[in-house]
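Letters A, B, ... mirror the listed sequences (proteins, then strands); counts begin at 1.
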Amino acid sequence: MIKTVITPTPDMSRAKWCHATRRIAQDHVFGFETHPEQINAGDLLLVEVTKISQHRRIQLRDGRFSRLFTGDMIVLAAGARFATDQFIGHVGVRSDRTLDLLAGGGVAGVEEARHGAVKPPTTLCLHGRLLGADGAVLNLKDEALAGGATDLPEAVFTVLGTGMNAGKTDAVAGLVNGLTRLGLRVGAVKATGTAAFGDTHLYEAAGAQTVLDFTDCGMASTYKQPIDRIETSITRLLAETARRGCEVAVVEIADGISQVETAELLARPALARMTDGWLLAATDELTAEVALARLASRGIAPLALSGLMTRSPVADDLSFGQLPILDRGELADPATASAFLQMLRQETAA
Amino acid sequence: MGHRLAFRPGIPGRIPDALVLGTYKEGMPPPLLVVHGIGRETDQMAEALAPEAAATGRLVVLPVFDAAHWKTFQRPTQRSRADLALLRLLSALRFEGTLPGHRFDLAGFSGGAQFAHRFTWLYPHLVDGLAVASAGWWTFPDSAPFPYGMGASDQAPKAAQIWLRSNLRAFLSRRIVVRVGEQDNVVDHNTRSGELIDAQQGLNRLMRARRWVSALREAARAENLPDQIDFDTIPSCGHDFVACAQAGLARDFLQAPSIVHPSQSKIEGVSA
């Protein structure tokens with residue numbers, strides 16, 4: 001008796017589509033590959049939630065959170081993760097078809113290590129990869145921003161940090177708000193990191209006219225991506241903000257300056273060429289001092305310090321010579337934004 | 001036919017009311033904002049400026065910082081932040097199509113001159129030309145404690161020193177017209193006096209204007225900037241706006257040529 005093999009055709013409309021997949025139209029799915037030989041970063045995966053642990057909810061492509069239930073079907077992207085306060089993981093799937101939810105924005109891979117204070121990752125079972133009309137695996141890069149535009153905004157600020165949770169996103173949001181209240185059209189760019197809508201939503205709330213991140217250039221995560229690709233992505237994102245009419249852009253580089261991709265970005269000339277002024281967000285005085293020294297060795301002198309250190313009860317006693325130390329409120333003041341623009345102008349003139 | 005005068009209501013404590021004299025037309029010189037003194041005499045100012053505004057075709061906006069919400073508008077870094085209120089008004093007027101672009105000329109008389117020079121110092125990229133007359137006192141480009149100078153002070157926001165020092169060069173690069181009545185040499189009950197201010201600035205408005213202009217010129221020289229300060233006294237005038245306007249101040253406010261046009265880059269020179 002001949003047995004026919006039935007190719008499963010899951011009902012995609014039942015699946016929860018994660019934030020990371022937001023640029024891929026759902027009607028672009030024409031097929032399903034059940035037994036992939038390998039998984040590449042950015043591939044769209046259909047997975048089932050098998051055990052809920054660290055991540056109890058995911059971020060949907062429409063900007064809402066969705067609580068997870070065992071048995072949920074999710075469309076997300078394959079990607080690596082570098083988060084010192086959570087997981088480090090790589091792209092892939094285990095031989096038993098399990099993989100881990102590495103980030104709530106919809107990034108799955110295989111956990112390598114985790115912070116001592118977090119639970120094991122929420123576990124997923126791979127049902128397969130999604131295919132497009134041409135039978136090729138759908139990947140985030142399929143719908144990435146087109147290149148071509150090369151003009152950058154008139155001024156670009158880049159915010160660096162001493163590590164995760166140093167206050168970089170707050171600093172970006174503050175500066176975006178100050179520049180916006182000054183009457184400028186401001187773009188905000190999350191240049192590196194792992195797909196998540198928290199930061200970009202905050203930029204938008206702060207008044208950014210255009211908000212973009214690396215997912216718009218086809219990456220679920222920039223961890224372990226080639227530096228050339230990340231640099232090209234940053235250029236493209238900045239050019240896109242300019243194309244959409246932004247006069248100024250504020251860029252956030254994720255993690256700390258010692259993180260592998262960030263360190264490499266800072267060691268090369270491209271990011272510095274795109275940046276007119278730097279800000280450093282630091283958790284405390286000591287990390288600020290170390291980071292400033294490392295940046296100085298790269299020829300980078302930030303315009304100001306900000307970050308978690310400014311919320312310390314001893315913040316008023318901090319001093320770094322002439323280097324301004326500005327809290328969130330001061331960064332959001334249009335007068336500060338005005339002063340920063342003049343600092344750039346004077347640096348350019350010098 | 002004269003310029004049309006319109007009243008634009010604001011939002012108490014957020015956006016000041018404003019009088020709008022004329023309308024902006026493409027190709028005209030940039031709009032002029034004129035700030036009143038502590039008497040909030042905007043009606044008389046509009047009336048006195050109207051003929052010159054009509055002759056030059058310029059749009060003139062006169063914000064009204066009411067005393068209930070902006071009692072000390074002359075010092076924009078005070079708690080009520082009159083500078084932010086003006087930025088909100090500008091944003092609203094741009095949105096409504098009343099104002100073009102982002103740049104304008106700024107003028108002020110008496111307390112309005114205090115506000116105007118400090119606003120320009122904070123936001124030099126927004127102001128093309130500054131014309132100020134008869135201020136009671138000034139912020140000097142020196143190390144005296146803020147608001148007399150750029151030095152540290154309990155009266156200033158922590159970031160104020162950064163704001164002033166970072167913007168000093170751009171501020172000095174503006175075209176600045178300074179006027180004071182030649183008879184405005186009387187110390188009256190509105191004149192801020194004291195050991196520090198009298199020693200730094202002089203006893204009356206005439207002396208203080210002269211010293212401020214000298215200090216600006218010296219600071220510009222130190223920055224290797226050309227002297228763009230136009231200083232003169234207004235003949236036969238004391239501290240009265242209408243009299244000063246009739247004696248030439250209206251022309252000084254409205255006919256001083258702007259260096260740049262508002263269609264130019266808003267972030268002047270950053271990527272040059």
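- Sparse packing is recorded around NZ of K71(B), with 12 or fewer heavy atoms of other residues, nucleotides or ligands lying under 6.0 Å away.
- Under a cut-off of 6.0 angstrom, the local environment of CZ in R311(A) is sparse, with at most 12 non-hydrogen atoms contributed by other residues, nucleotides or ligands.
- For a heavy-atom cut-off of 4.5 Å, chain A lies close to R81(B), L84(B), L87(B), R94(B) in residues 79-98 of chain B.
- Residues satisfying the side chain to side chain contact (heavy atoms under 4.5 Å, CB included) criterion with T262(A), sequence neighbours excluded, are I253(A), Q259(A), L266(A).
- Within residues 322-339 of chain A, the residues having any heavy atom closer than 4.5 Å to a heavy atom of chain B are P324(A), I325(A), L326(A), E330(A), D333(A), P334(A), A335(A), T336(A), S338(A), A339(A), listed by residue number.
- Other residues, nucleotides and ligands place more than 12 heavy atoms under 6.0 Å from the CZ atom of R268(A).
- Residues passing the salt bridge (charged side-chain N to carboxylate O under 4.0 Å, His left out) test with R208(B), sequence neighbours excluded: D198(B).
- Counting heavy atoms of neighbouring residues, nucleotides and ligands inside a 6.0 Å radius, atom CD of E223(B) exceeds 12 of them.
- Residue R294(A) qualifies as open at atom CZ: its count of foreign heavy atoms under 6.0 Å is 12 or below.
- Note: M343(A) CE to S166(B) OG = 3.0 Å, rounded to the nearest 0.5 Å.
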